[in-house]
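Worksheet for the structure shown next.
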2 protein chains.
Amino acid sequence: MDTGIPIRAFAARTGLSAHTLRYYERIGLLDPVGRASSGHRRYLAGDLAWVEFLTRLRATGMPVRVMQRFAALRRHGDRTLPERRELLEAHQRDIEQHLADLQVNLAAITEKIQHYRDLEVSNGQHGE
Amino acid sequence: MDTGIPIRAFAARTGLSAHTLRYYERIGLLDPVGRASSGHRRYLAGDLAWVEFLTRLRATGMPVRVMQRFAALRRHGDRTLPERRELLEAHQRDIEQHLADLQVNLAAITEKIQHYRDLEVSNGQHGE
DNA sequence: ACTTGACTTAGAGCGCGCTCGAAGTTCTAA
DNA sequence: TTAGAACTTCGAGCGCGCTCTAAGTCAAGT
């Protein structure tokens, strides 16, 4: 009964560290992982999609507290689907706002770069 | 000689707290600010643009360490223009990468939301 | 003159998300 | 069989970017 993916290999596949995988389990983002007879963790291939989804939520700035709430809802089965959807919709709006802000700020930074290029040209023309 | 903007008003204008303004000055993001005869800080209207630019850099994820480097270059005058431009260009690339990642992740989250909607419809149809 | 509140400095403390260390057990390869 | 790497738990520690506290000074209103 010692099948499944050892933590090292699972870490490699998810891009998370073994430390982080244990931490995520500890704080309830991952359900308790099955063990080999030795006590070592054995991940299932099916755990991959969930960890990848968690990683997307983090990468888009969702706080760990909210991810914990989402994971808790998920453990409570299908009747939490609407609440999970609403949570994701709120996050979707946050991301869209963040994207809009980034684009505005990027435009301003791009202008600044152009301003520097202009200055460099005029400095070079009469300064050197 | 006590003209200029008191810290409270300047904080309100920039959206930073007075604490953060003092902190930024302490770590060299802001040049030492002029003082009234009382010792109280007096900001100049011209400081606003710089603080706003700093705020854009932070909002787009530039680490404070890099902002410190940028501020130090700026203090060294026009001959640092090319290096400042290169620093901003590198940051520009970082933002563009981040935007691309966010968009990919947002799309995946949007799909997940749609998946939930589909599930809710089919659950509702035969479950209720 | 006195109160109230904004300011000053220096340094401590905090919330976040990991990340690491210690001490002990188990697996793997020679 | 034995060395060394990988695993376990538990709790401490860290880097970041602020944020706050304490103790004191200064300014404005009554």
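Chain naming here is simple, since letters A, B, ... match the order of the sequence lines and numbering starts at 1 in each. Quick note: numbers below take in every heavy atom, side chains included, and nothing from hydrogens, waters or symmetry partners.
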Checklist outcome for this item: Walking DNA chain D from its 5' end, the first of B:M62 and B:H19 to be reached, judged by nearest nucleotide, is B:M62
Checklist entry - When the nearest nucleotide of DNA chain D is assigned to B:R65 and to B:S17 on a heavy-atom basis, which residue is associated with the more 5' position? => result B:R65
Checklist entry - If you check every side-chain atom of A:H40, which of C:dT19, D:dC7, C:dC7 has the closest atom? => result D:dC7
Checklist entry - Among the nucleotides D:dC26, C:dG17, D:dT19, which one has an atom lying closest to any side-chain atom of A:V64? => result C:dG17
Length of the [atom1]-[atom2] vector between [X] and [N], whole Å:
| X | N | atom1 | atom2 | answer |
| --- | --- | --- | --- | --- |
| A:L16 | C:dT19 | CG | C1' | 13 Å |
| B:Y23 | D:dT21 | OH | P | 18 Å |
| B:I27 | D:dC16 | CD1 | P | 11 Å |
| B:R26 | D:dC20 | CZ | P | 14 Å |
| B:F10 | C:dA6 | CZ | C1' | 18 Å |
| B:R8 | C:dC7 | CZ | C1' | 11 Å |

Next on the checklist: Between B:N105 and B:D101 (side chain of the first, backbone of the second, donor and acceptor by atom type, cut-off under 3.5 Å), is there such a pair?
Outcome noted: yes
Checklist entry - Under 3.5 Å, side chain of A:T80 to main-chain N/O of A:E83, donor-acceptor pair present? => result no
Indicate whether OP1 or OP2 belonging to [N] is found under 4.0 Å from a side-chain N or O atom of [X].
| X | N | value |
| --- | --- | --- |
| A:R22 | D:dT8 | yes |
| B:T20 | D:dC18 | no |
| A:R35 | D:dT9 | yes |
| A:Y24 | C:dC18 | yes |
| A:R41 | D:dT9 | yes |

Checklist outcome for this item: So CZ of B:R74 and CG of B:L29: to nearest 0.5 Å the spacing works out to 10.5 Å
Checklist entry - So, are B:R117 and A:E89 salt-bridged, with charged N and O less than 4.0 Å apart? => result yes
Checklist entry - Aromatic ring centroids of A:H98 and B:H98 under 6.0 Å? => result yes
